[in-house]
Amino acid sequence: MTLPAGTMARTGNSAHKWGLTSDRKQKMTRGAQKQGPSIVWFRDDLRLADNQALTAAVAAPAPLLCVYIFDEESEGFRPHGGASRWWLHHSLAALGGEISKKGGRLDLFRGRAKDILPALAAAASAGAAFWTRRYGGAEIALDTVLKTRLVAAGVKTQSFNGQLLHEPWEVKRGARGSFMVYSPYWRAALALPDAGAPLDAPEKILASPYSRGAPKRKSLDELGLLPKRCDWAAGLSANWRPGEKGAQKRLGDFLANGLQAYASARDRPADDAISRLSPHLRFGEISPRQIFAAVRAAETERPELKAGASKFLGELGWREFNYHVFFSHPNAATTNLQRRFDAMPWRDPPLHELKAWRRGQTGYPLVDAGMRELWTTGFMHNRARMAAASFLVKHLLIDWRIGEEWFWDTLCDADPANNPMNWQWVAGSGADAAPYFRVFNPVLQGEKFDPRGDYVRRWIPELAALPDKWIHKPWAAPAAVLLEARVELGKTYPKPVVDLADGRDRALKAFEAVRR
DNA sequence: CCCCTATTGTG
DNA sequence: ACAATAGGG
């Protein structure tokens, strides 16, 4: 693997009026009620099927303005990372294509939603606006302001849940507010009435002509989402097909091939046993409700899927739980959920160690394989994520936020709730987190979950000729074995950046400062 | 969704 | 000598 020289990070180089022809009569008979196109504001719901906001808009007797606003300027918004921007570009292209096929049109904007949406509504004399809810603090605040402004301007607005099985506030722990432990949360969520059958995509979308005087639309390229300086995205293109079609294909493949063995095979990073739906979910190209319904239907038809299905739905449950916690702790992307961790004596990150971690050059094959998979494909297997994250936080004693930022920049599935919550889980500072003394050993994890070294060999070709016995600990191999495998430690593959026992002891000592 | 060490059990 | 298990970080 080669990183382009000087590349520290993917984003590091920086961040109608409608036609009144045959409709005129109808408008006249409606009297004073405001008529005009309906705005469908797409955000993290880039799909046509099971999109309640879109379905509600189509049901109204008005043509549609389908809108996406690329907004990096609103206060408190976290800018997309590089991989997310790449994904977003292609997802918008796919969405625009699908909307066109139905007869509609997707209009793109760049700037503050707070300015663009009301200006568009006014210029188009929009009668209504529909969107799918989101759950970040700044996003909720903005949506609330916009709703007030639009309503005051006579635009009916309606928002829907399309991103979660249950709204964060619907899953209740007696009268005592939100959950902080996963198992009771998920039990309570599963006990709620089923989210119901997913909606079909609309048959037809009637496009509203674009008004003069409305905010200027951008082309997809003008959003500037694709990398400019160097094309690190080749590996992303080779591995992913962003968009609703790609998401449905993944789901179908997974139900047919992955689900049965999922409960155990999900832990082996060399196996192709995982759904890889996370980036599609992140951008709402598929809804959790669609996934839930499809899995339930599959296990009803094929009872042998039951074990895999419950494990897989449990992962969807972790996503719901993360949003539930995130909703009641809007600062959790940057603040320890357990405040005692504020006293944690993180090291001032040594740059060479941090670089080694980012580039997959720590000398620990499982960690390095994961980090290289991440850089190349914009994805990392969950088992490798846990090992790589634990290694940074514990063995290198580097603040989880620094790792979180790297993942945010490089993961296609970088999710505002999941990414920080999962890092906090590893660090031990999170809700229902792994206890601080749980330290993943990359050698043992490798031997247990990648016993043949297939995953390591796939991502670290310079180690490929090592026998299984040494594939997860090349530094311990006899000189003759290394010679035979043409491995020169410190040259073709790095020596360990830190000794495992030393790193572990140092971490456990540091965590003493944080113990209750 | 862990690892390490000490101790006891087994041949 | 090794496997299985307990206890603790």
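Order of the sequence lines fixes the chain letters, A, B, ..., with proteins taken first and strands second; residue numbering starts at 1 for each chain. Scope of the values below: all heavy atoms of this structure, side chains included, with no hydrogens, waters or symmetry mates. All figures in this text were calculated on a predicted structure; none of them were measured in a lab.
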Just how far, in rounded Å, is [atom2] of [N] from [atom1] of [X]?
X	N	atom1	atom2	value
A:W186	B:dC1	CH2	P	17 Å
A:D450	B:dC1	CG	C1'	17 Å
A:D505	B:dC2	CG	P	20 Å
A:Y436	B:dC1	OH	P	17 Å
A:Q424	B:dC1	CD	C1'	18 Å
A:L366	B:dC3	CG	P	11 Å
A:F437	C:dG9	CZ	C1'	6 Å
A:L508	C:dG7	CG	P	20 Å

Flag for A:S74-A:D71: side-chain donor and acceptor within less than 3.5 Å: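 The answer is yes; a qualifying pair exists.
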No-hydrogen, no-angle side-chain donor-acceptor test under 3.5 Å, A:D50 and A:Q290: no
Any donor-acceptor N/O pair under 3.5 Å between B:dC4 base and A:R504 side chain: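 Flag unset: no donor-acceptor pair detected.
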Heavy atoms from other residues, nucleotides or ligands near CD of A:E512 exceed 12 (cutoff 6.0 Å):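 Yes, because the 6.0 Å sphere around CD of A:E512 holds more than 12 heavy atoms from other groups.
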Phosphate OP1/OP2 of B:dC2 contacted by A:R383 side-chain N/O (<4.0 Å): yes
Short side-chain N/O contact from A:N441 to OP1 or OP2 of B:dC4, under 4.0 Å: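 Answer yes for this pair, as a side-chain N or O of A:N441 is under 4.0 Å from OP1 or OP2.
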Spacing of A:T132 atom OG1 and A:F160 atom CZ [to the nearest 0.5 Å]: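 Answer rounded to 0.5 Å: 8.0 Å.
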Counting side-chain heavy atoms from C-beta on, which of [options] comes nearest to [X]?
X	options	result
A:W425	B:dC1, B:dC3, C:dG9	B:dC1
A:L444	B:dC1, C:dG9, B:dC3	B:dC3
A:Q445	C:dG9, B:dC3, B:dC1	B:dC3

Sidechain-backbone polar pair: A:E285 side chain, A:P242 backbone, donor-acceptor under 3.5 Å: no
